[in-house]
Amino acid sequence: MTKNIALTHKKKLIEVALPLEAINKASIREKSLRHGHPSTLHLWWARRPLAACRAILFAQLVDDPSSHPDQFPTMQAQEAERSRLFDLIEKLVTWENSTSKNVLEEARAEIRKSCGGALPPVYDPFSGGCSIPLEAQRLGLPAYGSDLNPIAVMIGKASIEIPPRFADQPPIHPLREGEQSRSGYRNAEGLAEDIRYYGERVRSKAWERIGSFYPEIDVPSSQPGNDGDGKATVIAWIWARTVPSPDPAFANVSVPLVSSFLLSAKAGKEVWLKPVVDRKAHTIAYHVRHGGTKEEISRAKEGTKAGRGANFICLMSGATIQPTYVKEEGKAGRLGATLMAIVAEGERERIYLASDRVQIQAAKQAIINEKPDTELPDEKRAFWTVSYGLTTFGSLFTNRQLVALGTFSEIVAEIRDEIERDALGAGVTDDGIPLRENGAGARAYAEAVSVYLGFAIDKCSDYWSSICTWDSSRDGIRNTFGRQAIPMTWDYAEANPFSSSSGNWMAMVNWVWKTVANFVTASSGCEIQHDAQSVTYPAGAVISTDPPYYDNIGYADLSDFFFVWLKPLLKEIYPQIFSFLSVPKTEELIAAPYRHGGKEAAADFFMQGMEQAIANMAGQIDNTYPTTIYYAFKQSEIKTEGISSTGWATFLQAVMQAGYAIVGTWPVRTEMANRMIASGTNALASSVVLVCRKRRLTAETVTRGVFLQALKRHLPRELETLQKANIAPADMPQSAIGPGIAIFSQYKKVLEADDTSMSVRTALQLINRELDDYLGGVEGDFDAETRFALTWFEQYGFQSGDYGMANNIAMAKGLSVDGVKHAGIIESRAGKVRILPRNELEEDWSPDRDDHLTIWECLHYLIRQYEAEGVSPATTYLFRQMRQHAEAVKDLAYCLYEICATKRQEPAQATSYNALIQDWGTLTESAARQNEDNISSQTSVARNGQGSLNI
């Protein structure tokens, strides 16, 4: 991005430009995709969006047109070629095209063209959830990944290593009665069918062994949701944890700790529990109620809570139950549980029933002799249950849940022999080579199916723990990991493995086989267990990686939740990976104070390890391709420190000390812009992709003054390019870091006046200052009235201010207050002045009819229309009318976003400006397509009461 580095390589597209808007939209949309999405194979925390990984890899490998001046000799020719590549990226990131042979082959052809006809290997040394290697494989690139965490390694093997070994093969299971065999199978479709078939076999065998623990329930004909007398399958049992009453008079009574008695919150169909207390008999019963007053439903929502945390009310005595008491009772082993309600499958809706003796007795039949005894870490950020006496992973499950998980695991292990026999019967080679030794015969195939069924068991454990709760808003079970932590829950929902509703066994199997069926096995894959500091990379490897954030929650600690179930099932298949008692933690590259004796020591451990890992990358690769490294911004850090935050600056420092120059930074979003800004906590992307090149050996040492001159000379041009690319205002600070830090990191050192080396944090602050100066300099291109409004808005927003102050500002701009009022921007009365908010602007307004047109008006009338209808024909028509002022309108939106987001701290206002810029490209394209004459002749344009155009 800077012209000061003599290039010895071809510049790649990612070093010049990216269609960020398309990538971010696809990444945001991806969050709503479920069935068949790789994230549903096995839970992993903080995965990068596949769309972003796919686009980054493509742009990392494909040449920028400026690298071929013989083919693209002019700026116009280069822009046209970039536009073509952008169009391909837009197709590539669309989820519906993720398995399209035509689109993927078109992308592979572009990569081959830029890579000498070959597809280079891609390596991710922090593979985690395997998003990057998986997308490399989708693009036909040999895919490699490594991680220390056994769960991450298994996700990698199941994603990129196992499916290609059995690609394009038919399933081996015997045909069911009436089932017809298909003529052909692509990718891993045959393997997926076998996962489903043997998943059904496991369910059948499990029902024979433990079905009696899950009896149906009698449902009276009067019960809502049932058409007549009969039985129904239970979906969930709703339990509440209990403690002995703190009142000595009721010390023998276990009282419930309930966060909510509301079972269904659907409007007009509310269902809730009414506790009935008999103080003489020392009993508490729970009656199911339908409907009710607002007051009753509101009271039901509160349960027995008496505030936040473990504060409750004793139903027997009315006394407050303090958190300290709950903790003491829990640590003493006196936390109990009572069945409050039962949810069953109905004809058209859920059936809610009161506690039942038969159901309670069925749960008691499940006797467990041995529980997983792996200790939970005493790390209160992520493991909240330890304080209440639930100190092992086994203690997070009821006996019936433990029996179910153990039984399904045993059957998956047993059925492996049956799968191997069926494979041999189907003609699969009997080579006896296991999966871990790259086997592809009957034994390896049976082991492969077992791996995926083991993943289904892990998914079940996420839904079969006593941390799961009942979601009254959607009448379903919430899983354990709703966050990157194991919280403490009070009333919990126990799922039925044999129902057809949320949390059942076959639902988990279906998530797995649908994911496998969608894998694109276009190349080989390899996943190994190794640390990033010393791993050896294949020759010619391209590195793209998403390392852990330095003080994030420990994935190793959380992964033990799944390890305790996967280890006994898969240790015979992968004995080396599962040779540990628990997930390795000592070498995990995160800054965990509770492991290293404090924050400072933990940070030192992380930075030394990360610098070594990045130096290992830089030391082994050549400079043919840039390296891409994802950095996950932490919102609490951003809120308090901004883009020059300690974590961000320290990470950049580690990258540069490892031998890299940073030549680009691209923000990647996984949240909607309006949600991010409106929350008031985030004006930045979920992560930023660093584009890195090995620093040249002849790098110079320069002074602060030389660095500042270079910034002022090169940065404005790069910022103008970013604005033309419609980078959202919220993303501009991170995007500006790219060209700015590229200038800084090209030097060996930048010396301060006292000859000390300038820190990265100082460099970031200087880059940010140049960005502010650039945006402030744009004001000079606005009309005087808009400059007045901008100055006034920065001080007062849409609030009133004194006329005298307004007059001073107006005179400084060569205006009068009356002149600004005549322009239709402000209201002036009774010695006060205020800018007119959008909802008070004229209803019947058009730029063509305005004899005192200002950029301020153009922007705010456009935003009003956009907020009302989005990119509609009416919005496009208005945009066309002011198209000669479009660039100035966009510049003003950037300026106002910056004022709202950082100076006035008004995130709701900032959202509007940010959203408009994000859709600017769409607006421009729509305006280009819209035939103004045709619209004028075929439609009548009129304003409605909201100032919208009716067409």
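Throughout, residue positions are numbered sequentially from 1 according to the sequence presented.
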Practice problem: Take the angle between the ring planes of F455 and H42 and call it parallel below 30°, perpendicular above 60°, tilted in between. | Solution: perpendicular

Quiz item: Does the side chain of Q78 pick up a donor-acceptor pair with the side chain of S66 at under 3.5 Å?
Solution: no

Quiz item: Cationic tip of R182 within the cone over Y185's six-membered ring, i.e. under 6.0 Å and within 45° of the normal?
Solution: yes

Exercise. Working to the nearest 0.5 Å, report the span between OG1 of T545 and CE of M617.
Key: 5.0 Å

Quiz item: Do L50 and P38 have side-chain heavy atoms sitting under 4.5 Å apart?
Solution: yes

Exercise. Rounded to the nearest 0.5 Å, what's the gap from CG on L41 to OG on S159? Could you check?
Key: 5.0 Å

Practice problem: Go through the steps for R186 and D168 under the test salt bridge (charged side-chain N to carboxylate O under 4.0 Å, His left out), then give the verdict. | Solution: CA-CA 5 Å; R186 293 175 54 213; D168 304 328; over 6 Å; no

Exercise. Salt-bridge test for R84 and E81: reply yes if a basic N is under 4.0 Å from a carboxylate O, no otherwise.
Key: yes

Quiz item: Ring centres of F408 and W505 under 6.0 Å apart?
Solution: yes

Exercise. For the pair R108 and E105, evaluate salt bridge (charged side-chain N to carboxylate O under 4.0 Å, His left out) and give the outcome as yes or no after the intermediate values.
Key: CA-CA 5 Å; R108 292 168 197 151; E105 186 50 45; 3.5 Å; yes

Self-check item: Smallest separation among heavy atoms of N518 and G36, with atom names
Solution: ND2-CA, 3.5 Å

Self-check item: Salt bridge E30-R48, side-chain N to carboxylate O under 4.0 Å
Solution: no

Quiz prompt | Derivation and outcome, side chain to side chain contact (heavy atoms under 4.5 Å, CB included), residues I195 and V516 | solution = CA-CA 9 Å; I195 294 166; V516 175; 3.9 Å; yes

Practice problem: For the pair D471 and R478, find out whether any cationic side-chain nitrogen is under 4.0 Å from an anionic carboxylate oxygen. | Solution: yes

Quiz item: Taking C-beta and beyond as the side chain, do I151 and L566 meet within less than 4.5 Å on heavy atoms?
Solution: yes

Quiz item: For the atom pair CD1 (I528) and CG (L148), what is the distance rounded to the nearest 0.5 Å?
Solution: 10.5 Å

Quiz item: Can you name the nearest heavy-atom pair linking A167 to T521, along with the distance?
Solution: CB-OG1, 3.4 Å

Exercise. May I ask you to check whether S146 and Y123 show a side-chain donor-acceptor distance below 3.5 Å?
Key: yes

Self-check item: Min side-chain heavy-atom separation D124-S544 under 4.5 Å
Solution: no

Quiz item: Should H9 and Y625 be marked as a ring pair (Phe, Tyr, Trp, His ring centres under 6.0 Å) after you check the CA-CA gap, both sets of side-chain angles, and the distance that decides it?
Solution: CA-CA 8 Å; H9 51 264; Y625 306 99; over 10 Å; no

Quiz prompt | Ring centre gap for Y555 and F126 strictly below 6.0 Å | solution = no

Exercise. With the side chain counted from C-beta on, respond yes when P626 and Y660 share a heavy-atom pair under 4.5 Å apart, and no when they do not.
Key: no

Practice problem: With the side chain counted from C-beta on, respond yes when Y574 and K157 share a heavy-atom pair under 4.5 Å apart, and no when they do not. | Solution: yes

Quiz item: Using a distance-only test with no angle check, is there a side-chain donor-acceptor pair under 3.5 angstrom linking D422 and Y198?
Solution: yes

Practice problem: Look at the rings of Y197 and H173 and say which category their plane angle falls in: under 30° parallel, 30 to 60° tilted, over 60° perpendicular. | Solution: parallel

Quiz item: Less than 4.0 Å between a side-chain N and a carboxylate O, is that true for R693 and E15?
Solution: yes

Quiz prompt | Distance in Å, N102 CG paired with K91 NZ, rounded so as to fall on 0.5 Å steps | solution = 9.0 Å

Practice problem: Give the intermediate values and the outcome of side chain to side chain contact (heavy atoms under 4.5 Å, CB included) for residues V655 and I662. | Solution: CA-CA 8 Å; V655 172; I662 298 166; 4.1 Å; yes

Self-check item: Salt bridge flag under 4.0 Å for residues D919 and K25
Solution: yes

Quiz item: Got R82 and L13 here, is their nearest side-chain heavy-atom distance under 4.5 Å?
Solution: yes

Quiz item: What's the shortest heavy-atom distance between M506 and R196, and which atoms?
Solution: CE-O, 4.2 Å

Practice problem: Would you confirm whether the ring centroid of F561 sits within less than 6.0 angstrom of the ring centroid of F481? | Solution: yes

Quiz prompt | Derivation and outcome, salt bridge (charged side-chain N to carboxylate O under 4.0 Å, His left out), residues K12 and D63 | solution = CA-CA 4 Å; K12 298 298 178 179; D63 294 342; 2.5 Å; yes

Exercise. Could you tell me whether the side chain of Y445 reaches within less than 4.5 Å of the side chain of D194, counting heavy atoms only?
Key: yes

Quiz prompt | Any side-chain heavy-atom pair of L61 and C115 under 4.5 Å | solution = yes

Self-check item: Ionic contact status for E135 with R138, cut-off 4.0 Å
Solution: yes

Quiz item: What's the spacing between R47 CZ and H37 NE2 if we round to 0.5 Å?
Solution: 8.5 Å

Quiz item: Which value, rounded to the nearest 0.5 Å, describes the distance between L88 atom CG and N97 atom CG?
Solution: 10.0 Å

Quiz item: Would you find a donor on one side and an acceptor on the other, under 3.5 Å apart, between the side chain of S114 and the backbone of I111?
Solution: no

